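Each ligand, and each atom within it, is numbered from 1 in the order the structure gives. All values derive from a computational prediction rather than experimental measurement.
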Amino acid sequence: MNSQLTGQCEPGADCNVCARLAAFRAENRESEPNWHNAPVPSFGDRNARVLIVGLAPGLKGANRTGRPFTGDYAGDLLYGTLLELGLAEGSYAARPDDGLALADCRITNAVRCVPPQNKPTPAEIGNCRPFLAATIGSMPRLKAILALGRIAHDSTVVALGGRKSAFPFSHGAMHDLTPDLVLFDSYHCSRYNTNTGVLTAQMFRAVLLELRRYVDGR
Ligand code: SF4
């Protein structure tokens, strides 16, 4: 097994492995002292069979609220779809105290700190990969991962010791990453992708429905 799969899942609040991201965090703590402004932890139970991997916290979304995908447009689409397909329960109100619970599902990010302009560098993605690998390794019942976008896809493949060339990202694709673990791909559910028509709510729902059927053996 990849040794990173057994490491620490959550970075400390002041992790400074990425100097640029730590400096950006310090600026945000100064200007917005009431925001989360720290690495955003994974959300959901370790015993879930589904893991959703996003790119990184949005500045005014997860970086503000402290829960993945909470407080920005991407969260509206993601949580709305999860609720519709029974992978979440309760209601989503864009706040960490809205009572929403994930059902057999967990959400994490390939990069735990908000990057300027939503663009982490390749080095930053690599720096944060051990936390992604450990998160995957900490889930004993994991059956399917949904990667939101190419960066999340590639980092997941590498975290599991695979070659990117053997598993190219493609919206709607399913990859047998290991004998026990399938990787599904979707374009990221960002406002940019939906505004430009790269991803529609129907396309996103179709991928999650396929994943749901796979996990349930249907
Ligand atoms: S992105 Fe990850 S590795 Fe880099 S500073 Fe944040 S928590 Fe640490």
Side-chain angles (χ1 to χ4, degrees), residues 1-46 48 51-75 78 96 102 105-139 142 145-162 164 169 177 183 186 188-193:
M1 180 189 270
N2 179 348
S3 62
Q4 291 187 336
L5 293 173
T6 57
Q8 183 187 332
C9 296
E10 300 296 340
D14 297 317
C15 179
N16 60 3
V17 177
C18 308
R20 186 182 76 116
L21 302 191
F24 190 46
R25 180 196 307 144
E27 280 172 32
N28 291 323
R29 284 178 178 174
E30 191 74 27
S31 60
E32 299 290 349
N34 296 322
W35 288 8
H36 175 72
N37 291 323
V40 174
S42 305
F43 175 39
D45 195 292
R46 281 176 195 215
L51 177 67
I52 298 174
V53 182
L55 169 57
L59 178 63
K60 295 179 182 169
N63 175 65
R64 176 174 61 85
T65 63
R67 191 176 74 180
F69 288 92
T70 298
D72 55 17
Y73 174 83
L78 175 62
L102 297 177
C105 179
R106 196 171 190 215
I107 304 176
T108 195
N109 278 312
V111 173
R112 302 296 181 90
C113 294
V114 56
Q117 280 85 49
N118 289 328
K119 288 199 174 105
T121 65
E124 290 160 355
I125 297 162
N127 289 344
C128 217
R129 189 171 300 120
F131 298 112
L132 173 62
T135 298
I136 294 169
S138 73
M139 298 181 67
L142 186 61
I145 297 178
L146 172 63
L148 300 179
R150 186 181 307 275
I151 290 175
H153 166 99
D154 285 350
S155 204
T156 299
V157 169
V158 175
L160 284 156
K164 286 190 277 186
F169 173 83
L177 272 189
L183 174 64
S186 171
H188 194 284
C189 50
S190 64
R191 184 191 290 273
Y192 179 82
N193 278 348

Step by step, would you call T108 with F131 a side-chain contact (heavy atoms from CB on, under 4.5 Å)? CA-CA 10 Å; T108 195; F131 298 112; over 6 Å; no
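Annotation: cation-pi geometry satisfied between R67 and F43 (NZ/CZ under 6.0 angstrom from ring centroid, within 45° of ring axis).
Shown are the protein N/O/S atoms under 2.8 Å from atom 2 (Fe) of ligand 1, given by residue and atom: C128 SG.
Contacts classified as salt bridge (charged side-chain N to carboxylate O under 4.0 Å, His left out) and involving residues 123-136 (residues at least two apart or in different chains) are given here: R20-E124. Listed by first then second residue, pairs satisfying ring pair (Phe, Tyr, Trp, His ring centres under 6.0 Å) with a partner in residues 52-71 read F69-H188, not counting sequence neighbours. Applying the salt bridge (charged side-chain N to carboxylate O under 4.0 Å, His left out) definition to pairs two or more places apart or across chains, those involving residues 23-42 are D14-R29.
Put simply, CZ on R112 and CG on L132 are 7.0 Å apart, with the number rounded to the nearest 0.5 Å.
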